[in-house]
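Presented below is the structure to which this report refers.
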Amino acid sequence: MYVSPVREPLIKGGKNYSKVTEDITRPILTKPGKLWFFGITISSIAAVIGLIAMFITVRDGIGRWGVNRTIGWGWGITNLVWWIGIGHAGTFISAILLLFRQKWRTSINRSAEAMTIFAVMCAGVFPLLHMGRLPLAYFIFPYPNTRGLWVNFNSPLLWDVFAISTYFLVSLLFWYTGLIPDIATMRDKIKNKFIKPIYSFLSFGWKGSARHWSRHESMSLILAGLAAPLVLSVHSIVSMDFATSVIPGWHTTIFPPYFVSGAIFSGFAMVLTLMIVARKAMNIEQYITVGHIESMNKIIIATGSIVGIAYITELFMAWYSGNIYERFAFYNRAFGPYWWAYWIMMTCNVITPQLFWFRKLRRNVVFTFVVSIFINIGMWFERFVIIVTSLHRDFLPSSWSMYKPTLIEVAIFTGTLGIFFTLFFLFIRIFPVVAMAEVKGILKTSGEKTKH
Amino acid sequence: MEKKYWKSLEELKIDYRPQENQGENLPDKNALAELFDDKTISSNSSRRDFLKLFGFTVTSAALAASCEMPVRKAIPYVIQPEQITPGKAQYYASTFFDGHDYSSILVKVRDGRPIKIEGNTLSSITHGGTNARTQASILNLYDDARYKHPAIDGKETSWEEINGKIINNLNSAKGKGEKVVLLTSGIISPSTRWVINDFLQAYPNIRHVVYDTISASGMLLANEKSFGEKIIPSYSIDKAELIVSFAADFLGTWLSPVEFTKQYVKNRKLENGQKKMSRHIQFEAGMSLTGSNADKRIQIKPSEEKIILGTLYNLIAAQTGNTTFNSEPCKINLTSLAKELILHKGKSLVVSGSNDTENQYLVNTINSMLGNYGNTIHIDQPFNHKQGIDKDMEILVKEMHEGKISGMIMYNVNPVYDYPQSELFIQGIKKVGFSVSMPVFTEETAELCNYICPDHYFLEAWNDAEFKKGQFSLCQPAIRPIYNTRAAQESFLRWTGKPDAYDEVIKTYWEKNMYPKSGATGFYDFWVQSLHDGIFEPDRSSASPQPKIELTGLSGIFSNIQSIDTGIEIQLYENVSVGNGKYANNPWLQELPDPVSKITWDNYAAVSPKFAEERSLETGDLISINKEFKLPVLIQPGQAYNTISIALGYGRTTSGIVAKDVGINVYPLVRTDNKNRQYYLTHSEVKKAGSGHQFAQTQSHFSMEGRPIIREASLEEYLNNPVSGNEMHEEVDKHNQTLYKEHQFPGHHWGMSVDLNSCVGCSACLIACSAENNVPVVGKKEVARNHEMHWIRIDRYYNGDVEDPAVVRQPVMCQHCDNAPCENVCPVAATNHSDEGINQMAYNRCIGTRYCNNNCPYKVRRFNWFDYTMADSIKNNTRDPEGMTLDLKRLVLNPDVTVRAKGVIEKCSFCIQRIQDKKLTAKLENRKLQDGEIIPACAQACPADAIVFGDLNDPESKISKHFSDSRNYHLLEELHTLPSVGYLTKIRNTSSES
Amino acid sequence: MNTPYISAWFDDDEKLLSGLKVFKEKGIKIADVLTPFPVHGIDKVLGYRRSWIARVGFIGGVLGAASALVFQAWVFTKSYPLNIGGKPFFALPSFIPVTFELTVLFAAFAMVFAFLIRSKLGPGAKTEIYDERITDDRFVVLVDINENHSEENIKKISAQMAEAGAMDIKIKLTENK
Amino acid sequence: MIIRHNPVFHSFSRVIFFTIISLSSTLTFAEDISEPLGNPDHSENHLNAFSLKKGERLFYGLISLGENMPSCASCHYTAYTDTLNWNPSAYDIAGSYSSKSIEELRMVLMEPGGKKMTEVHAGYNLNDEQVELIHAFFINLNESQAPPKKPVINNLFIFILLHIIILLAVIDLFFTKKIKFKAVHLVVILAGTIWITKTVVVESIAVGRQKNYAPLQPIKFSHKVHAGTNGTDCFYCHNIAERSKTAGIPSANVCMNCHIIVREGTNSGKFEINKILTAYDNNMPIEWIKIHNLPDHVFFSHAQHVGAGKLDCAECHGTIKEMDVVHQVNDLSMGWCLDCHRTRKVQFVENEYYETFKDYHAQIVSGQMDSLLVAQIGGTNCMKCHY
């Protein structure tokens, strides 16, 4: 097999197959360290605070949030879009990069996919919670009922329901089918007789048969082929929540590609944030190498640049359209009362990723970490800017108003972060964070040993 | 009226769950038990709804499987009154008068509960118009803060006992020849006057003093000087082509605003070929409702009024050949105004809101020189409601203080709250031997009285009224008294020693005095007809006298005129919502945004932007006035420089929970000067005293940002080109293209049109809408968070100079777009379009995503942020700081409209319940619907008839004509939302200015 | 069913492949090959046909698309036609997103189920473990002992296996868990 | 309707009653001691506990009233019954007669005026003491207890139990593996899940629905007798149905139009009709129990359906004419309403109002169309019913 001599190895440290197994299963087989306990405690406390805030919201009403008659969606939907965006990296990595035969994806796809699922779960909290009548949420499903009523298939929010749940389910399928062989490995590694049956059950009876592998591979490939347009569709549809409306600043045809690239952008940022910590904490730096980080940073430059162009295009179109409402909306974004949000967004999303043009910075782990946090913040503000600044001053100046989040909203957002990290902490103790089978598959071609 | 009459309610849409800890608040048991009985209505229907909500959750299914439905009972009458059909509303003609505002009304009674007040179109005074306070008065009926029983020194007692004691006191005072005073507001009821006369005759030692909260004493005295009679003339504003008003807020609060609004808009409407429009010039300090509608508004300090009137007098006198007097001329150039006035001789009107006799006298002389008497001013039909001479009250307080008064009987007055020197009054009343008060609502004065003989509320009482001389109306009870109260007139009758019922007295009085004028055959027929109509207006001679005024004493006035620096002047005014404070305990009124400032639940010191800048004040800062009053500042464009305007009627101390500590009471700032109480103050000391006051303002942005939201033109432009100002409509119409076929509306297609030229912004529609559609009150805190719930709002924009802006207004309700953006986005199709062009909202389908609200370009949708109405299935989460969900207050709810629960969107429905009701009536009567038969609550309440509703499919309907008018346009029509609401452009009569 | 197998053990995928080629040449009937990861080229060596899973996915997708589209059209034109925002009852562009999503969903589920059913995998499926190192780093070629039950055959196959480069040859039962 | 005269049944029923009484007294014992017997309010009542017991026994027939004479309780029930009993229940009588004198009770019992009572009570010969005891029993009954309610079967227990069984099955299937045959697990899980789902769905749909609701009314009023046998028109009593939102429960004075003369009913004798008279004389309304209830967010007008739509009452309410006790025939769900709105023809030609629909009108006049459905003129619009 031809191996490009220029490329650096994807797996370092001269691993062999059993070393891979050993390295990856170690965190699951050993007792967790103090850091893990510390982390999960903090995140579960945050989750509990969030759950309390959610309970208060449901009991008292949306009035506990800072939203008002003009700005119907505040932090709630901002967080939804943000989380959904983050949830894009996993499936992008495993589906689209699989289609493009990017081998470096094997080290990160498992955790990125897990992150996707958790992020989508966190995202799902918000559309439910922002409903005034959460107990009636089942109305949005087109189930046969004695009222003879169906749902409104014209509503982008309904498309969201389908898009997000499909995305969640397909991602889950993709993730889990990928996990099966690794769970089988775990099953065979674990000796504890109480836990072993659980893994045994979860492994679905996997035995590693070549015929299974063959079907598994072809299924993965087609699933990837299906998931790839799905990834693109989900954020396109989320963007239609805004794009199909009439509100200046929302009513923009550029939104679907702009949102998708933004989503991948923010997703990669979150993957980086998590992975940079995880590789250190879990001692898997040889699997997730600086090379991986660099590859991801390259995607960040690409998507970040698309996002930047989208921002500028938006401004241009607003000016070029000659529509007074449109012009005002964008002027107001940059120079209205929420100017700070706009400029935070611009700085974090457009300027900082451009620094990755420098190879040194791209390969600097600490710098990457800082930038990834910046991007996370910036992308959150992008949604905030789109939602709040567009709504707060729309057509009729008589209804203009301001929005300020309440503690409850902050607590809910913190709570979803808590839920996300709690789930992630549990995940790294339960499932292998690196797709062992896949890494073994590329060990020969991309491992350090074969290179030297 | 028989007892059985109110025995039961056949069915109730709302559920009256008994609340704990309300036993003490509950009204007199007997009266209410007859109205509704807790036992008769299901007591826990909430559980069912709760289960419904959690219908598909696991636990509740188990619960559901093991619990029963609540039992609902249907309780018929024992003997059903013939004229009552359960489930159908009855209307009773009546009269609203509170000592200040007057309206001839119809009371809508549904299953024994008055639930809505509507204007009586038969009245030649109000012509079916109402104002916000009239509309809101229905809620006061169910006010918990009322006196519920007679009391002696605060202790409950019986009517027999209290009668005995009061008669003893009266007799002993009579025996001793001690002074006793009857203090009342201006009384317009002829039979009450008759009763009181009898009472006064029985006790000759009693002196009757009239005290009006907002005095018109200056005018009364000036007219006495002019015509020998203390009268307030009536006006025909509709006949005036030029109206010059000196701080008279005649569209909002002055004398008879409903009547004046009707007249005012009559010759400002440019429909049916009318091409003429009156011109209105307003001189004032604070931006009033009237001033904001003026074609030209001139800012003056209140104290400058005299010098301006003097100058104007001289200018006119010089041209009309009357005596001129030497005096300092004012700074404003009035030459053109004088010319204009003379040009409109006999067709002009000069009015002044001042309480200064000299000012009013000058106004009289000017009007006289212009020949307006008999044309636009009528002294033969004077208003009866303001009769108080301020000097009388001053003397009384002095005498009380000196201990000369041994007894006081008070009716419909609350001087402890609203008399400027209330401290003096309080000290005085303590020295009075016995004091009797006949209040309706909990108030400051009654609290200090020995005897409280609570009066009926007007909806529970018989009464009559003669608001304007010769124009009578009747007031009949629409409900049995809720509490153990007694009509004040009956109290007088008892104290006089008469056992008669007051309704019998009214009948007798009418038989004696009105019946002969009627030409009817038989008193019974006359009486029934009058009760049915609510009014009795015997034919009046159309010729109005044209008195000539002897110009005496003018030299004395002119010698007083001088221009001096008066420092900062404070102007005190009544606002459109709470008025003089009598109804401050009404949550609807408190939550009504001020038509100018859009502030609710507050009074404030309005200052001009320049003034604020000079003193580095910002909206929300606090200032102290004369070191005593600490008020929040509002920067009000259009406020005269160096003046501060503050609304009266706030800062009640003894009232219900609603009015308590809302705003600051500034009555003590009123000063007595030149015999009369003056509602302004010169040389005031103003200091910044803090900051951070949170206003509950419903509109914070003033500018239209150059958008074609309200389109206007001057009269001249309009006459030249009828589409002037509205060119965009044509443009949009031309480009009206659609990709797919538009939906057809086979039967009706409802539409509404708002004439921006007629709408003065009085906000009566807002209250009417709230009353009709069970719109919740959310309280100050929530309004401050932009959570107000009004289905209709009146947008107000300023344009031009920030110091002297022009004001435009626009009522905005749901536009019922045929291509509604809100409909597309609702995931559960809770909002969609009806076959009659109505944007329907199914509350029970709504899951509360608020997406529709976001996507509404007009932002007319309202969300139930909290459980404001107690309709939510989760318990103990109600947000009702103003007590709107008390069992008693819930009686005001319209049973035909769902009470919305927490978490659903609501909005204007074009009063669908009224549409359905009238359609059904037409079907039952086997006929087509008539144009104008269906009137939504807002249109019905509008005193300016600015709102027209009808069927767009009918080419002959008024609405179709409005829609084809050249002035018609749709709000944001360029979005192609195809609204069913049209607006007629605003036309300003600025053309004759040179 | 606990079948005894003769197994040839390898520790490297390339060795496995070359070994398998040898097996093929020698005509040994291979029952199964167990590997810790998918070894490329093994399909060809073993002569596996291309999986038809893709076709199941396609059918699922078509089914999803059709049912979504028909259902939406039925709801808006027949079941409860509503005038929503002035749009036509049959608002095709509005139906596309849901149709697309259901297409993907149906296809994905159809495929995964097909895979699980065809491979007899799934929750609660019988867990046959030949050896616990297989999921770690061992490549094992299984030959059914029942078909070659004579001692001779076993020996012959073992020898051939050793010849093909197997590092170890075992006769072992699968464990049922 | 079912008056049990069978002596065999009768003696059997005595035993049953005795058992019930003794059981209930033991069950209520705890409550009894918490409330002191010598309640000062009742101390003037000289009847002691013993005579109360005696009265009770007399009523339940444990003390014989004569050979082959059924006990009072065999007609005047004290327990809940699903079938309609035209005779007044013990509670009913207690309510009416505890306030009246012993003499009055004796008169009614021994020398009844009504035909039916005379027939049924013939042969009973109670002495004064017995009447007094029964009177005392009535007073006690009236004061002490509320009428029995329909027993409620609690599904919650089964519901939780099933969850536990399913959980156990799952645990055993994967972990403990006590039962060899996996089919057992699967059947348990499947059956359990199906039952739970069914309960959840059925009960959730049923929440707020009252199909077949047939509560006992304060007066045993029979629509079968009034509207069926006597052929009274529905609108005679429900006279506002054509013009108001509600059909109107007739006021007592409407009842009195006939019952001023008709004082004894075919089934119930005088007792039930007397309730109307009492209500009328005392000016106290009769508290009927509403059967057809709609949620608060539904606006329904009888005038629209009966007055304008010319629907027959029976189309929604069923054959009321054949019902002694009215029950709700239809579930009154939204789907049910819509079904009718989609299939019902409008009184299009008959009513001039519909001329507003110009196109349709022209088509019908020209014969292009023969009729119009409610749904075609907006009968399925939300705001037809919800506002």
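A quick note: this is a predicted structure, and the numbers were derived from the prediction, not measured. So that the names make sense, note that chain A is the first sequence line, chain B the second, and so on, each numbered from 1.
In terms of heavy-atom pairs under 4.5 Å with chain C, the best-connected choice from A/I222, A/I237, A/L173, A/D182 is A/L173. Looking only at heavy-atom pairs under 4.5 Å with chain A, the residue among C/R118, C/R133, C/K87, C/E14 that has the most is C/R118. Comparing A/E438, A/R211, A/E217 by how many heavy-atom pairs each has under 4.5 Å with chain C, the most go to A/R211. Chain C forms the most heavy-atom pairs under 4.5 Å with one residue out of A/S236, A/A184, A/P156, A/S165, and that residue is A/A184. Of all the listed residues (C/L34, C/D137, C/I96, C/D136), the one sharing the greatest number of non-hydrogen pairs under 4.5 Å with chain A is C/D136. Contact count versus chain C (heavy atoms, under 4.5 Å) is highest, among A/E22, A/K19, A/R187, for A/R187. For the options A/G225, A/G148, A/G205, A/A227, heavy-atom pairs under 4.5 Å to chain C are most numerous at A/G205. Here C/D12 is the residue among C/D11, C/V140, C/D12 with the most heavy-atom pairs under 4.5 Å with chain A. With chain C as partner, the option from A/S218, A/P181, A/S214, A/S155 having the largest number of non-hydrogen pairs under 4.5 angstrom is A/S214.
Between the side chain of C/S67 and the backbone N or O of C/G64 there is at least one donor-acceptor pair closer than 3.5 Å. For A/T177 (side chain) and A/F174 (main-chain N/O), a donor-acceptor pair under 3.5 Å exists by modelled atom type. A/W250 contributes no side-chain N or O that, together with a main-chain N or O of A/D241, makes up a donor-acceptor pair within less than 3.5 Å. Under the 3.5 Å distance criterion, the side-chain polar atoms of A/S107 are matched with a main-chain donor or acceptor of A/Y287. With hydrogens and angles ignored, the 3.5 Å screen pairs a side-chain donor or acceptor of A/N145 with a backbone N or O of A/Y143. For the pair A/H88 (side chain) and A/I84 (backbone), a donor-acceptor distance under 3.5 Å is present. Side chain of A/T244 to backbone of A/M240: a donor-acceptor contact under 3.5 angstrom is found. Side chain of A/W213 to main chain of C/T35: a donor-acceptor pair is present (N/O by atom type, distance under 3.5 Å, no hydrogens or angles).
For C/F90 and C/F95, the gap between ring centers is short of 6.0 Å. Taking the six-membered ring wherever Trp is involved, the centroid distance between the rings of C/F89 and C/Y80 does not fall below 6.0 Å.
Neither the backbone nor the side chain of C/L82 has a heavy atom closer than 4.5 Å to any heavy atom of chain A. Both the backbone and the side chain of C/L121 come within contact range of chain A, with heavy atoms under 4.5 Å apart. Of the two parts of C/F109, the backbone and the side chain both hold a non-hydrogen atom closer than 4.5 Å to a non-hydrogen atom of chain A. Proximity to chain A is limited to the side chain of C/D43, based on heavy atoms less than 4.5 angstrom apart. Residue contact with chain A, scored on non-hydrogen atoms closer than 4.5 Å, is absent for C/L142. The contact between A/S18 and chain C is made by backbone and side chain atoms together, counting heavy-atom distances below 4.5 Å. For A/V439, no part lies near chain C; criterion is any non-hydrogen pair under 4.5 Å. When heavy atoms are compared at a cutoff of 4.5 Å, C/R138 does not approach chain A at all.
In summary, of the residues considered (A/K440, A/R26, A/K189), a side-chain hydrogen bond (donor to acceptor under 3.5 Å, both in side chains) with A/T21 occurs for A/K440 alone.
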